[in-house]
Amino acid sequence: MPKFENYINGAFITPNDNNYFDNISPANNADIIGQFPLSSSSDVDNAVSAAKQSFKAWKNMPAPKRGDILRIAGDIFTRRKKELAKIMTREMGKPTFETEGDVQEAIDTCYYAASETRRLFGQTVPSEMNEKINMSFRNPIGVCGIITAWNFPIAVPSWKIIPALACGNTVVWKPSDDAPHSGIIFAEILEEAGVPAGVFNVVHGDAICGQAIVNNPDVALIGFTGSTQTGTAIAEVCGRMNKRISLEMGGKNAQIIMDDANLELAVEGALWGAFGTTGQRCTATSRLIVHSSVYDIVIEMIEKQATKLRLGDGLKAETQVGPVINKKAVEKIMSYIEIGKSEGAKLVFGGEIATGNDLDNGNFIKPTLFKDVTRNMRIFQEEIFGPVLSVSKCHSLDEAIELANDCKYGLSSSIFTNDVRSAWLATKELEAGITYINAPTIGAEAHMPFGGVKGTGNGHREGGWTAFEIFTEWKTVYVDYSNKLQRAQIDNY
Ligand code: NAD
């Protein structure tokens with residue numbers, strides 16, 4: 001059985017307590033991918049110390065030179081894309097066409113960040129006084145602790161790690177214990193690209209390891225992607241320790257279908273949004289709000305196509321929908337299906353564990369649809385994170401928007417309509433960080449802001465230029481060349 005190690009100070013090293021956990025393939029629980037370190041706080045301390053020591057030299061490397069290294073990382077991700085996609089699929093389940101897309105997002109992020117290192121804009125503005133110049137610069141923050149979920153094992157970490165490094169920070173990353181192998185390859189790629197020892201470190205483990213990163217006083221910033229429950233707990237600690245924290249958390253995203261929509265397109269979008277990545281995306285479509293005059297036909301169209309989706313091992317070319325991540329997730333999703341039935345929602349299809357052929361050893365749940373879901377139901381309000389779509393009826397655009405907003409999360413949203421006014425009103429009123437018009441709730445691009453409102457985030461945005469806001473602090477500089485004391489707000493008024 002292959003054994004993998006932490007990546008600290010430029011070397012793959014054994015965890016201090018010599019504890020490891022098994023990485024189990026969700027498509028076949030008999031397939032153990034390898035053993036990965038179950039790190040303790042002493043491993044985290046070593047990684048943070050390496051990151052702290054390497055900070056000065058890395059921040060003082062000219063930013064475009066850091067960019068050159070990240071561009072090479074993009075080239076290596078490109079070269080290893082197919083190999084890495086297979087590794088990701090084996091450990092977290094989604095089909096390889098999706099994991100290849102996941103790697104592509106990291107490639108795009110590397111190239112984008114590399115180009116931004118030639119900008120990292122500050123400001124030069126007029127002073128209140130003569131012979132004085134006012135400027136501002138972006139400075140890196142220090143050691144960044146990055147903690148991530150498993151569902152986008154390369155893309156989501158890249159949204160944080162790559163801009164953090166581009167800005168001159170050093171990083172200690174804890175990948176999810178459900179997708180640790182991807183973290184090993186990430187480290188190999190950054191090392192080959194030329195990231196110096198200590199600048200980027202990977203420590204594997206569970207919540208204990210994550211907590212050690214959060215609690216370490218030398219970690220200046222936490223970048224977190226995961227559930228709202230975990231993110232909120234981490235934020236409490238960061239609040240007490242006065243650390244900067246950026247949170248990307250849960251979602252319960254709604255797609256609206258109006259009576260004037262292109263129904264074929266809307267249904268295609270709903271299928272991809274709800275059952276792509278087996279519904280395990282923060283941006284997954286988990287609520288569908290359909291105008292009453294097309295409600296029955298839309299459900300009929302979805303049923304016809306969803307029941308034909310091919311479940312299986314994501315490594316097989318014919319697979320359209322992979323497994324869910326682990327047995328705990330199976331239990332959680334199945335319990336929500338029971339909750340939906342007991343609340344009075346009507347189960348239209350699915351609702352069962354999928355068995356037969358190659359499915360018996362994996363974590364497979366049939367794509368599931370509930371109709372007549374009302375706002376007071378838990379399956380309308382709570383994140384299920386599985387292949388379960390809740391459909392509700394609306395009678396007007398106002399009602400559709402009001403239903404979509406009646407939820408504690410606010411990540412993504414979508415409306416299918418051919419009416420310009422409806423599209424713009426929805427864009428204006430939907431309480432979500434992202435709104436798609438005539439596209440499903442998923443499909444973020446690396447150079448655009450990504451994140452959510454309400455229970456999904458804490459005001460930051462990853463992706464695009466906004467990621468650089470998270471990972472820098474302002475330094476304001478006044479240069480007075482008048483050769484005399486000029487007192488602001490006093491001498492010139
Ligand atoms: P999770 O919250 O259980 O775990 C996320 C990470 O935090 C893991 O690495 C985990 O080991 C670590 N962790 C757990 N408890 C911790 C603690 N007390 N202190 C420090 N670290 C801790 O989430 P998950 O099950 O891995 O992922 C699914 C969730 O992630 C969903 O809610 C999904 O919506 C969300 N997600 C959000 C986005 C986004 O960008 N908004 C993207 C992907 C996933």
Side-chain angles (χ1 to χ4, degrees), residues 21 23 26 36-39 41 44 91-94 102 105 145-160 172-180 182-183 202-216 219 222-238 241 243 245-253 277-286 324-326 328-329 332-333 382-386 407-412 432-434 441-442 444 446 448-463 466-467 470:
F21 64 91
N23 182 12
F36 292 77
L38 195 58
S39 304
S41 60
V44 168
E91 70 176 350
M92 59 70 63
K94 65 187 175 189
D102 198 312
E105 211 155 319
I146 305 296
I147 300 171
T148 50
W150 50 269
N151 60 340
F152 282 88
I154 293 290
V156 163
S158 82
W159 290 355
K160 302 172 194 295
V172 174
W173 172 36
K174 190 197 90 59
S176 167
D177 41 340
D178 279 310
S182 305
V202 185
V203 190
H204 294 277
D206 58 11
I208 306 274
C209 174
Q211 281 165 347
I213 295 176
V214 175
N215 283 312
N216 189 304
V219 174
I222 295 292
F224 171 81
T225 293
S227 64
T228 298
Q229 193 186 4
T230 307
T232 308
I234 292 176
E236 283 175 20
V237 180
C238 290
M241 295 182 79
K243 291 185 188 204
I245 176 164
S246 151
L247 297 168
E248 297 292 342
M249 304 183 286
K252 186 74 186 173
N253 314 290
T277 321
T278 326
Q280 303 167 108
R281 286 179 167 127
C282 50
T283 52
T285 307
S286 52
V324 301
I325 189 67
N326 51 34
K328 218 169 125 201
K332 179 183 165 193
I333 296 161
E382 297 174 18
E383 187 181 43
I384 300 174
F385 221 56
C407 169
K408 73 173 180 181
Y409 298 105
L411 182 51
S412 188
I434 308 165
T441 55
I442 61 182
M448 293 294 285
F450 179 91
V453 301
K454 302 201 286 192
T456 296
N458 67 335
H460 291 289
R461 291 290 183 277
E462 298 188 331
T466 40
I470 297 172

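Ligands are counted one by one from 1 in listed order, and the atoms in each one are counted from 1 as well. Please read these numbers as outputs of a predicted model, since none were measured by experiment.
Atom OG of Ser246 is separated from atom CD1 of Ile222 by 10.5 Å, given to the nearest 0.5 angstrom. Interatomic distance, CD1 of Ile442 versus CD1 of Ile434, reported as 11.0 Å (0.5 Å rounding). Atom CZ of Arg281 sits about 11.0 Å away from atom CG of Asn253, to the nearest 0.5 Å. Atom CH2 of residue Trp150 and atom CD of residue Gln280 lie 3.5 Å apart, to the nearest 0.5 angstrom.
With ligand atoms numbered from 1 in the order given, ligand 1 contributes 6 (C), 7 (O), 9 (O), 12 (C), 21 (N) to contacts under 4.0 Å with heavy atoms of Ile147. Remark: ligand 1 atoms within the under-4.0 Å shell around heavy atoms of Phe224 are 2 (O), 5 (C), 6 (C), 7 (O). In the vicinity of Ile234, heavy-atom distances shorter than 4.0 Å reach the ligand 1 atoms 19 (N), 20 (C), 21 (N). Less than 4.0 angstrom separates some heavy atom of Phe385 from each of these atoms of ligand 1: 28 (C), 31 (C), 33 (C), 34 (O).
Looking at ligand 1, you'll find an N or O of Glu383 within less than 3.5 Å of one of its N or O atoms. Considering both main-chain and side-chain atoms, Thr456 never comes within under 3.5 Å of ligand 1 through any nitrogen or oxygen pair. Geometrically, ligand 1 and Lys174 share a nitrogen or oxygen pair separated by less than 3.5 Å. Below 3.5 Å of separation, one finds no N or O of Trp159 facing any N or O of ligand 1. Looking at ligand 1, you won't find any N or O of Leu411 less than 3.5 Å from one of its N or O atoms. For ligand 1, the polar-atom distance check against Thr225 finds no nitrogen or oxygen pair separated by under 3.5 Å.
Contacts with ligand 1 closer than 4.0 Å are made by no heavy atom of Thr228, backbone or side chain. Using a 4.0 Å cut-off between heavy atoms, Asn151 contacts ligand 1 through its side chain alone, with no backbone atom that close.
Closest approach of Ile245 to Asn458, counting heavy atoms only: O-ND2, 2.7 Å. Residue Ile147 comes nearest to Ile234 through the heavy atom pair CD1-CD1, 4.3 Å, listed as atom of the first residue, atom of the second, then distance. Heavy-atom minimum distance, Thr283 versus Ser412: CG2-CB, 4.1 Å. Minimum heavy-atom separation, Ile333 to Gly386: CD1-CA, 3.6 Å.
Side-chain N/O atoms of Glu91 and Asn23 include a donor and acceptor closer than 3.5 Å. No side-chain N or O of Trp159 forms a donor-acceptor pair with one of Glu248 less than 3.5 Å apart. If you check the side chains of Lys160 and Thr225, you find a donor sitting under 3.5 Å from an acceptor. A donor-acceptor contact closer than 3.5 angstrom is absent between the side chains of Ser176 and Thr148.
Of all protein heavy atoms, the one closest to atom 27 (O) of ligand 1 is Ala149 CB, 3.3 Å. In this structure, atom 9 (O) of ligand 1 lies nearest to the protein heavy atom Thr148 O, 2.8 Å. For atom 25 (O) of ligand 1, the nearest protein heavy atom (residue, atom name, distance) is Trp150 NE1, 3.5 Å. With hydrogens left out, the protein atom closest to atom 23 (O) of ligand 1 is Ser227 N, 3.4 Å, a heavy atom. Nearest protein neighbour of atom 41 (N) of ligand 1, counting heavy atoms only, is Met249 O, 2.8 Å. At the top of the distance list for atom 42 (C) of ligand 1, counting protein heavy atoms only, stands Cys282 SG, 3.0 Å. Nearest protein neighbour of atom 18 (N) of ligand 1, counting heavy atoms only, is Gln211 NE2, 3.3 Å. Looking only at heavy atoms of the protein, atom 35 (C) of ligand 1 is closest to Gly226 O, 3.2 Å.
Counting only heavy atoms, the protein never gets under 4.0 Å from atom 4 (O) of ligand 1.
Of the candidates Thr230, Asp177, Val214, it is Thr230 that places a heavy atom closest to atom 13 (N) of ligand 1. Comparing heavy-atom distances from atom 20 (C) of ligand 1 across Gly145, Gly210, Ala179 singles out Gly210 as nearest.
Residue contacts with ligand 1: Phe152 is excluded, as none of its non-hydrogen atoms falls under 4.0 Å. Not a single heavy atom of Ala233 lies less than 4.0 angstrom from ligand 1.
Within the 4.5 Å cutoff, the side chain of Phe224 has heavy atoms near those of the Met249 side chain.
Shown are Asp177, Asp206, Ile208; of these, the side chain to side chain contact (heavy atoms under 4.5 Å, CB included) with Leu38 is made only by Asp206.
For the pair Lys252 and Phe385, the cation-pi test (distance below 6.0 Å, angle within 45°) is failed.
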